[in-house]
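Notes to accompany the following structure.
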Amino acid sequence: MAFKLLGLLALLALLGLWWWSRSSAGTPRHGTRPPEPTPAPAHPAARTAATPTTLAATLSMPLPMEPAVERTVLLTAADIAELRERTPPMPLPLHPVEILDPLLTEPLMEALRQLPRPPRALHELMDAEFVHRASSTELATLVLGEPTVAARVIATANSPLFGLQQPVGSIGQATTFLGLLSVRQMCLQHMLAACFQPRDAAQRREFDRLWHASNIAAELCQQLATRLRLPDAANLTTLLVLSFLGRQAAAALLPDAELLAHLNVYERAVHEQKELGLAAHELGHLLMRAWDLPFDLLQDARTVGSLRFDPDLRLAPEREAGLTLCTLCAMLGERIAGGDLADPLFDPLHDPRPDMQALRHRLALPALAGLSAELRSAPLQRLLDRLTGHAVQTTM
């Protein structure tokens, strides 16, 4: 009987010990808190957009971008280093306008609509039939309807860029000395430039630099397209001039146009997309849509701007050589205008910069086989000598 009583007491003790240990495990110790449950991840649609960066003053609707940062008049070395660190290898992940949320596209379109529209004569100048049938008299008649443009064209024709032996006083004379295509290209440039009115001296310098680069690039493109016997040199120069529209629009919308001069082409594209939602060539596409320019022109002009960022972009075989030449000339125009092409004896096949690397495999196209030789030919050397302002010995 005693053994049974002892067994019962032992069992009760074990039960009590078990109950005490269970209760103490569920009670928090002094000075500690039980862990809080991890909240379930929010549904993507319920997430709050990040605070956007400072946008151009013309944009009233914020775009989903990175947190705001203080902006100074000039980029610091740390700012540039950060941009370079963020710049991914090519191709850059740049958004085409077609996949941009319509709610984000509309504020950009509204800002672009605030820019002055080009004169109606621009559409006629870009018309392929006008290019092929127009005489110098018809061109002069068309341009004289825009007196400011006519005066600027004559001033450009008399500038050191063209090196005329005697000054010209009319559009007709300019056409006689420089050719119909060159004068038409200058008319296009001045009509488009009039749409971008600088708000300060810094922005004026950026617009002037872009206009100068566009002028140089168009002159190179016309000469090379003719010498390489590419079809429709006039259309190629039109595309080249239009390809600079996005750069001008970005400079107009960004509050820090002066900063763009401190960035290379890849850093600038990242900066434009971060601030405006689109890189310049896509912004130009949007602007040309707002201006109701012909669809095929705005598509090809966008391609000229995007080839330097995407080496894998597929092009129609019959268009690839011309669009590649336009892109190359745009790049050379920018480098010459920026004083970044000290040696006119330039060979694009040995240029190590990333944008040229993206284009290099296209330079092997049969239609461009003579490009390096043409760049070293006496006429092109004289042209590059004049454009770069360096005296270079050339031989026939």
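Numbers here simply count residues along the sequence, with the first being 1.
Between Leu94 and Glu282, the closest side-chain pair of non-hydrogen atoms is not below 4.5 Å. A 4.5 Å side-chain heavy-atom check between Arg308 and Met356 finds every atom pair outside the cut-off. Put simply, the side chain of Thr327 does not reach to within 4.5 Å of the side chain of Asp355, judged on heavy atoms. Using a 4.5 Å heavy-atom threshold, the side chains of Leu375 and Leu224 count as touching. For the pair Leu115/Leu112, a side-chain contact is recorded, criterion being any heavy-atom separation below 4.5 Å from C-beta on. Residues Arg117 and Cys195 are not in side-chain contact: their nearest non-hydrogen atoms beyond the backbone lie 4.5 Å or more apart. Counting heavy atoms from C-beta on, the side chains of Trp211 and Leu192 never come closer than 4.5 Å. Taking 4.5 Å as the limit, every side-chain heavy atom of Leu283 sits out of range of all side-chain heavy atoms of Glu272.
To the nearest 0.5 Å, atoms CG (Leu236) and SG (Cys329) are separated by 9.0 Å. Separation of atoms CG (Leu323) and CG (Leu313) is listed at 9.5 Å; rounding is to 0.5 Å. Rounding to the nearest 0.5 angstrom, the gap separating the CG atom in Leu286 from the CG atom in Leu298 is 10.0 Å. Taking CG from Leu315 and CD from Glu320, the interatomic distance works out to 5.0 Å, rounded to the nearest 0.5 Å. Between atom CD of residue Gln223 and atom OG of residue Ser377 there is a gap of 9.5 Å, rounded to the nearest 0.5 Å.
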Residue pair Val168, Leu164: steps toward the side-chain contact (heavy atoms from CB on, under 4.5 Å) verdict: CA-CA 8 Å; Val168 297; Leu164 294 180; 3.8 Å; yes
side-chain contact (heavy atoms from CB on, under 4.5 Å) between Phe196 and Leu210, worked out: CA-CA 11 Å; Phe196 302 98; Leu210 289 173; over 6 Å; no
Chi angles and distances behind the side-chain contact (heavy atoms from CB on, under 4.5 Å) call for Asn215, Glu219: CA-CA 6 Å; Asn215 205 17; Glu219 184 73 9; 5.8 Å; no
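Of the possible polar contacts, none joining the Gln185 side chain to the Leu181 backbone as a donor-acceptor pair under 3.5 Å is found. Judged by distance alone, the side chain of Arg227 and the main-chain N or O of Pro379 form no donor-acceptor pair under 3.5 Å. Not a single donor-acceptor pair under 3.5 Å links the side chain of His95 to the backbone N or O of Leu100. A side-chain donor-acceptor contact under 3.5 Å links Arg199 to the backbone of Ala252.
Using a 4.0 Å cut-off between charged side-chain N and carboxylate O, Glu106 and Arg113 make a salt bridge. Salt-bridge annotation for Arg319 and Asp296: absent, with no side-chain N of the basic residue lying under 4.0 Å from a carboxylate O of the acidic one. Salt bridge Arg247/Glu334: present, at least one basic N to carboxylate O contact under 4.0 Å. Electrostatic pairing of Arg120 and Glu146 does not count as a salt bridge here, judged by no charged N lying under 4.0 Å from a carboxylate O.
When every heavy atom of Thr226 is checked against every heavy atom of Ala233, the shortest pair comes out as OG1-CB, 4.1 Å. In this structure, Gln248 and Phe207 approach most closely via the heavy-atom pair O-CE2, 3.4 Å. For the pair Phe130 and Glu124, the tightest heavy-atom approach, listed with the atom from each and the gap, is CB-O, 3.3 Å. In terms of heavy-atom proximity, Ser214 sits nearest to Leu240 at O-CD2, 4.0 Å. The minimum heavy-atom distance linking Ser182 with Gln222 is given by the pair OG-OE1, 3.3 Å. Nearest approach of Ala249 to Leu287, heavy atoms of both residues: CB-CD2, 4.1 Å.
Every residue meeting the side chain to side chain donor-acceptor pair (under 3.5 Å) condition with His190, not counting sequence neighbours, appears here in chain and number order: Thr156.
No hydrogens or angles considered: a donor-acceptor pair under 3.5 Å links the side chains of Asn264 and Glu267. No side-chain donor from either of Arg184 and Thr175 sits under 3.5 Å from a side-chain acceptor of the other. Gln299 and Arg302 share a donor-acceptor pair across their side chains, judged by distance under 3.5 Å alone.
In the hydrophobic clustering of ILVMFWY residues, with side-chain heavy atoms under 4.5 Å counting as a link, Leu144 and Leu142 come out apart.
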